[in-house]
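Because the structure is predicted, anything quoted here is derived from the model rather than measured.
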Protein chains: 2
Amino acid sequence: MPTNRPFARVLDRLKAVGLRPTRQRLALARLLFEQGDRHVSAEQLHDEALQANVRVSLATVYNTLHQFTTLGMLREVVVEPGRSYFDTNISDHHHFFFEDDGQLQDIPGERVELARLPEPPAGTQVRRVDVIVRLGGSKS
Amino acid sequence: MPTNRPFARVLDRLKAVGLRPTRQRLALARLLFEQGDRHVSAEQLHDEALQANVRVSLATVYNTLHQFTTLGMLREVVVEPGRSYFDTNISDHHHFFFEDDGQLQDIPGERVELARLPEPPAGTQVRRVDVIVRLGGSKS
DNA sequence: CAGTAGTTTGGAGTTTTTCCAAACTATTGA
DNA sequence: TCAATAGTTTGGAAAAACTCCAAACTACTG
């Protein structure tokens with residue numbers, strides 16, 4: 001009966017990574033993961049939580065976002081100075097960035113082909129390759 | 001006699017884009033453009049200027065970096081939350097980012113081949129495509 | 001149910017960047 | 001050459017995003 005345990009999926013995820021399912025974490029996780037792929041900033045998520053009547057401090061939102069990122073449940077995307085976005089899509093993919101309104105949009109991994117890339121310098125390894133397609137207003 | 005006009009190149013560049021060659025701008029432009037490709041933060045450039053005995057305020061450094069960027073003499077690179085780098089290389093190229101020490105390194109444009117990219121959404125145009133190869137510590 | 005280890009919190013602090021109005025200066029043209 | 005003016009610079013205050021901290025709180029363990 002899924003209706004009896006509406007938070008089950010999110011709850012299990014928290015347990016799976018070894019985080020206590022506190023009221024705050026559970027609520028933030030639901031906001032993040034129960035509505036498809038999202039790109040949110042800390043401030044945004046904090047506002048959403050307050051609007052959903054979940055009392056959480058901004059510090060906790062930052063803590064949680066960083067924990068989730070470290071544990072591989074989120075991916076941090078940096079496209080603008082002075083603001084980080086957290087992406088709930090952790091599969092291999094890239095981004096459109098709309099410079100006019102600051103929105104991010106996923107580009108599925110298979111829509112981009114990197115046919116050639118240089119070798120990483122000796123002693124280093126590639127952690128990730130980010131492709132950001134920066135978009136401007138209407139074509140002129 | 002190039003030795004008589006050591007700032008000539010930089011001075012001409014400022015004139016070419018319609019900026020007055022003030023003492024501060026000239027000094028910053030020399031620090032930026034007279035030593036090959038560089039990636040500097042505002043704070044870094046400010047320190048360099050002071051060490052070179054050029055009195056400049058941090059506000060002017062920011063103003064200047066943004067003017068240069070707007071005029072196409074610099075390119076802003078955002079790889080880390082909370083800090084912008086300005087790249088004196090404005091040709092088509094990409095970046096290695098060393099996550100451990102925060103350094104940036106150019107990847108010449110021809111070393112990367114994007115064989116496939118999605119169409120930009122209707123009403124938008126691609127301003128730029130950034131490829132950032134994020135590198136981690138030694139291979140393990 | 002008590003102990004404890006993990007979590008949350010408000011508020012202060014830090015860092016980076018922007019803003020502003022006053023002072024300054026390069027350029028223009030008379 | 002000089003005054004007018006338009007563009008620049010400046011320090012300091014302020015904004016914005018994020019981090020830190022010690023005290024209070026709470027989920028788990030036995």
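- Annotation: cation-pi geometry satisfied between A/Arg13 and A/Phe33 (NZ/CZ under 6.0 angstrom from ring centroid, within 45° of ring axis).
- Note that the two end axes of the helix from C/dC1-D/dG30 to C/dA30-D/dT1 enclose an angle of 30°, each drawn from 5 base pairs, rounded to 10 degrees.
- Looking at heavy atoms from C-beta onward, B/Leu74 lies in side-chain contact with B/Leu32 at the 4.5 angstrom threshold.
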Could you go through nucleotides 7-14 of chain C and list every protein N or O atom that sits under 3.5 Å from one of its N or O atoms, giving the distance for each pair?
| residue | atom | partner | partner atom | Å |
| --- | --- | --- | --- | --- |
| C/dT7 | OP1 | A/Arg20 | N | 3.4 |
| C/dT7 | OP1 | A/Arg25 | NH2 | 2.3 |
| C/dT7 | O5' | A/Arg25 | NH2 | 3.3 |
| C/dT8 | OP1 | A/Thr22 | OG1 | 2.4 |
| C/dT8 | O3' | A/Gln24 | NE2 | 2.6 |
| C/dT9 | OP1 | A/Gln24 | NE2 | 3.1 |
| C/dT9 | OP1 | A/Arg55 | O | 3.1 |
| C/dT9 | OP2 | A/Ser57 | N | 3.0 |
| C/dT9 | OP2 | A/Ser57 | OG | 3.4 |
| C/dT9 | OP2 | A/Thr60 | OG1 | 2.7 |

Let me see the working for A/Arg25 and A/Gln67 under side chain to side chain donor-acceptor pair (under 3.5 Å), right down to the final yes or no.
-> CA-CA 10 Å; A/Arg25 265 207 285 248; A/Gln67 286 168 334; 2.9 Å; yes
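- Taking all atoms of both residues into account, the shortest heavy-atom contact from A/Val61 to A/Ala42 is CG1-O, 3.6 Å.
- A side chain to side chain contact (heavy atoms under 4.5 Å, CB included) with B/Leu31 holds for exactly one of B/Val10, B/Leu45, B/Val40; it is B/Leu45.
- Between the side chains of A/Glu76 and A/Ser84, at least one donor N or O sits under 3.5 Å from an acceptor N or O.
- Within residues 70-88 of chain A, no residue has a heavy atom under 4.0 Å from DNA chain C.
- If you measure from atom CG of A/Leu26 to atom C1' of D/dT26, you get 14 Å, rounded to the nearest angstrom.
- Within the structure, every side-chain polar atom (N or O) of A/Tyr62 is placed at least 4.0 Å from both OP1 and OP2 of D/dT19.
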Do any N or O atoms of the protein come closer than 3.5 Å to N or O atoms of nucleotides 28-30 of chain C, and which pairs are they?
none

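- Of all heavy-atom pairs spanning B/Val112 and A/Leu114, the tightest one is CG1-CD2, 4.0 Å.
- The heavy-atom pair separating A/Gly72 from A/Ile90 by the smallest distance is O-CD1, 3.2 Å.
- Nearest heavy atoms, B/Val54 versus B/Arg23: CG1-NH1, 4.3 Å.
- For the pair A/Lys15 NZ and D/dA27 P, the computed distance is 13 Å after rounding to whole Å.
- The side chain of B/His66 contributes an N or O atom lying less than 4.0 Å from OP1 or OP2 of C/dT18.
- The side chain to side chain contact (heavy atoms under 4.5 Å, CB included) check on B/Thr60 picks up B/Gln24, B/Val56, B/Ser57, B/Thr64, with sequence neighbours excluded.
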Which side-chain N or O atoms in residues 94-101 of chain B pair as donor and acceptor under 3.5 Å with protein atoms at least two apart or in another chain?
| residue | atom | partner | partner atom | Å |
| --- | --- | --- | --- | --- |
| B/His94 | ND1 | B/Val131 | N | 3.1 |
| B/His95 | NE2 | B/His39 | NE2 | 3.3 |
| B/His95 | NE2 | B/Asp87 | OD2 | 2.7 |
| B/His95 | NE2 | B/His93 | NE2 | 3.3 |
| B/His95 | NE2 | B/Asp106 | OD1 | 3.1 |
| B/Glu99 | OE1 | A/Arg127 | NH1 | 2.7 |
| B/Asp100 | OD2 | B/Gly137 | N | 2.9 |
| B/Asp101 | OD1 | B/Gln103 | N | 3.2 |

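- Minimum heavy-atom separation, B/Arg38 to B/Thr88: N-OG1, 2.7 Å.
- The minimum heavy-atom distance linking A/Gly102 with A/Glu80 is given by the pair CA-OE2, 4.3 Å.
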